[in-house]
Amino acid sequence: MKSISLLALALAIAHGGVAAKETPEPGRTWNTSAELGAITTSGNTVGTSVTGKIDARQELEDWSNEYVLSGYFKEDENTQDDGSKVRERSAERFSLSAKAAYKLVEDGAKLFALASHVDDKFGAYTRYSTLGIGYGARWLKTRDKSIDAEIGPGYFKGMRATGELESGMTVRGAATLKWQLSDSAAFAQAISVERGTSNTHSMAETSLRTKINGTMQMKAAFSVRNDTSVPEDKKNTDSQTSVTLVYSF
């Protein structure tokens, strides 16, 4: 219900937003965006949560490169048995990824190499690193919509929350839908699945961006991370609902 309310708020702003499309300026090779969101509570519940992301994309004649750094942490104030209060970290996750894609003759077709690393102190996997290669293509391109998909083999190495190390080959598939709802609002749905010998790791994000001005946007998003094989004291799925401000430069 909370995520539906956030998306409804963003849709309402979209109808009254400033007309400006998310289109790279001619001649620019770099397009970078930084987003940040924070919630602080006081009173009966005391805590702080912060989420942030930097996404840098480079478009060259033959290459399309992307570098993404993101982080999330949550800290709560808890009351001990003796009445004292302590602040405890309940979430701490950082991720880094880099992808280099070589453009083929067909429009939207690419050969790519991808490397990523996730450090999640409270996750089912406290560390998770992947390397992969593959082929990507544009399945759909219309005036206001596009669908890009990619698939390829890879290799992963991870550490479970129990301290157990894992590694092996994977097959990765991913798809991204982008839909320009209006001059001031854009919807996106991204999903990726990595299937290994002992675990299937999936991620999905649904987001809506609305223009505030030429460089600032508001983004409402709902993201889900899932692992099919987790320790008994961990849940298979982690979800996050966020509203962030995004600055593009």
Side-chain angles (χ1 to χ4, degrees), residues 1-7 9-10 32-56 67-98 115-130 156-167 190-194 196 198-207 218-247:
M1 182 64 69
K2 181 180 179 182
S3 61
I4 295 175
S5 299
L6 293 174
L7 290 176
L9 173 63
T32 305
S33 65
E35 62 180 85
L36 179 66
I39 298 176
T40 299
T41 59
S42 61
N44 294 316
T45 302
V46 179
T48 302
S49 62
V50 176
T51 182
K53 181 180 179 180
I54 297 176
D55 189 336
Y67 310 91
V68 180
L69 172 65
S70 65
Y72 170 71
F73 85 88
K74 186 174 183 291
E75 194 174 74
D76 300 313
E77 184 179 276
N78 298 316
T79 302
Q80 305 299 298
D81 294 336
D82 60 1
S84 62
K85 295 183 178 181
V86 296
R87 296 186 72 91
E88 297 178 334
R89 189 69 56 89
S90 57
E92 183 178 315
R93 182 174 65 248
F94 298 95
S95 64
L96 174 68
S97 68
S116 66
H117 175 76
V118 177
D119 194 319
D120 190 349
K121 186 175 180 180
F122 297 92
Y125 284 84
T126 56
R127 293 201 302 270
Y128 194 91
S129 302
T130 60
F156 88 97
K157 183 176 182 180
M159 176 182 286
R160 289 179 177 266
T162 57
E164 180 185 0
L165 291 173
E166 284 187 11
S167 61
I191 184 171
S192 67
V193 179
E194 291 181 2
S198 58
N199 180 55
T200 299
H201 182 68
S202 307
M203 294 186 296
E205 182 184 74
T206 304
S207 64
M218 189 188 77
K219 175 183 174 183
F222 178 72
S223 60
V224 178
R225 304 167 63 91
N226 178 271
D227 289 286
T228 56
S229 176
V230 300
E232 292 184 358
D233 61 337
K234 297 291 184 180
K235 295 183 178 180
N236 293 85
T237 302
D238 292 322
S239 63
Q240 179 181 333
T241 302
S242 62
V243 174
T244 57
L245 288 177
V246 183
Y247 178 72

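Excluded from the calculations below are hydrogen atoms, water molecules and symmetry mates; all remaining heavy atoms, backbone and side chain alike, are included.
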| Non-neighbouring partners of Glu35 that pass salt bridge (charged side-chain N to carboxylate O under 4.0 Å, His left out), sequence neighbours left out | Lys219

| Please walk me through it: do Ser167 and Leu165 pass side chain to side chain contact (heavy atoms under 4.5 Å, CB included)? | CA-CA 7 Å; Ser167 61; Leu165 291 173; over 6 Å; no

| request: Taking all heavy atoms of Ser198 and all of Ser229, pick out the closest pair and write down the distance. | output: O-CB, 3.4 Å

| task | Heavy atoms only: give me the nearest Ala161-Thr126 pair and the separation to one decimal. | result | CA-CG2, 3.9 Å

| task | In sequence, state the C-alpha distance, the side-chain angles, and the governing distance for His201 and Asp227, and then conclude on side chain to side chain contact (heavy atoms under 4.5 Å, CB included). | result | CA-CA 5 Å; His201 182 68; Asp227 289 286; 2.8 Å; yes

| Can you name the closest pair of heavy atoms from Thr228 and Thr200 and give their distance? | OG1-N, 3.0 Å

| field | Polar side-chain atom of Asn236 near backbone of Asn226 as donor-acceptor pair, under 3.5 Å | value | no

| note | By salt bridge (charged side-chain N to carboxylate O under 4.0 Å, His left out), Asp55 pairs with (sequence neighbours left out) Arg57

| query | By ring-ring contact (aromatic ring centres under 6.0 Å, His included), which residues pair with Phe156, not counting sequence neighbours? | reply | Tyr128

| task | For Thr48 and Glu75, indicate whether the former's side chain and the latter's backbone hold a donor-acceptor pair under 3.5 Å. | result | no

| said: So which atom in Val230 and which in Ala124 form the shortest heavy-atom distance, rounded to 0.1 Å? | reply: CG1-CB, 3.5 Å

| message | According to salt bridge (charged side-chain N to carboxylate O under 4.0 Å, His left out), who are the partners of Glu92, at least two apart in sequence or on a separate chain? | response | Arg89

| request: State which residue, out of Arg160, Arg127, Lys157, fulfils the salt bridge (Lys or Arg N to Asp or Glu O under 4.0 Å) condition with Glu166. | output: Arg160

| task | Mind checking side-chain contact (heavy atoms from CB on, under 4.5 Å) for Leu69 and listing every partner two or more places apart, or none if nothing turns up? | result | Leu96

| request: Applying salt bridge (charged side-chain N to carboxylate O under 4.0 Å, His left out), name anything that partners Lys53, two or more places apart in sequence or on another chain. | output: none

| Arg225 side, atom CZ; Ser239 side, atom OG - distance, nearest 0.5 Å | 11.5 Å

| said: What's the separation between atom OG in Ser49 and atom CZ in Phe73, rounded to the nearest 0.5 Å? | reply: 8.0 Å

| request: Please round to the nearest 0.5 Å and tell me the distance separating atom OH of Tyr247 and atom CD1 of Ile54. | output: 13.0 Å

| query | Taking the side chain as C-beta and beyond, is there a heavy-atom pair between Phe122 and Ser90 under 4.5 Å? | reply | no

| task | From the options Thr51, Val50, Asp120, select the one residue that forms a side-chain contact (heavy atoms from CB on, under 4.5 Å) with Tyr72. | result | Thr51

| Option from Lys121, Lys74, Gln240 for which side-chain contact (heavy atoms from CB on, under 4.5 Å) with Arg93 holds | Gln240

| task | Identify the two heavy atoms, one from Phe94 and one from Gly71, that lie closest to each other, and give their separation to 0.1 Å. | result | CD2-CA, 3.9 Å

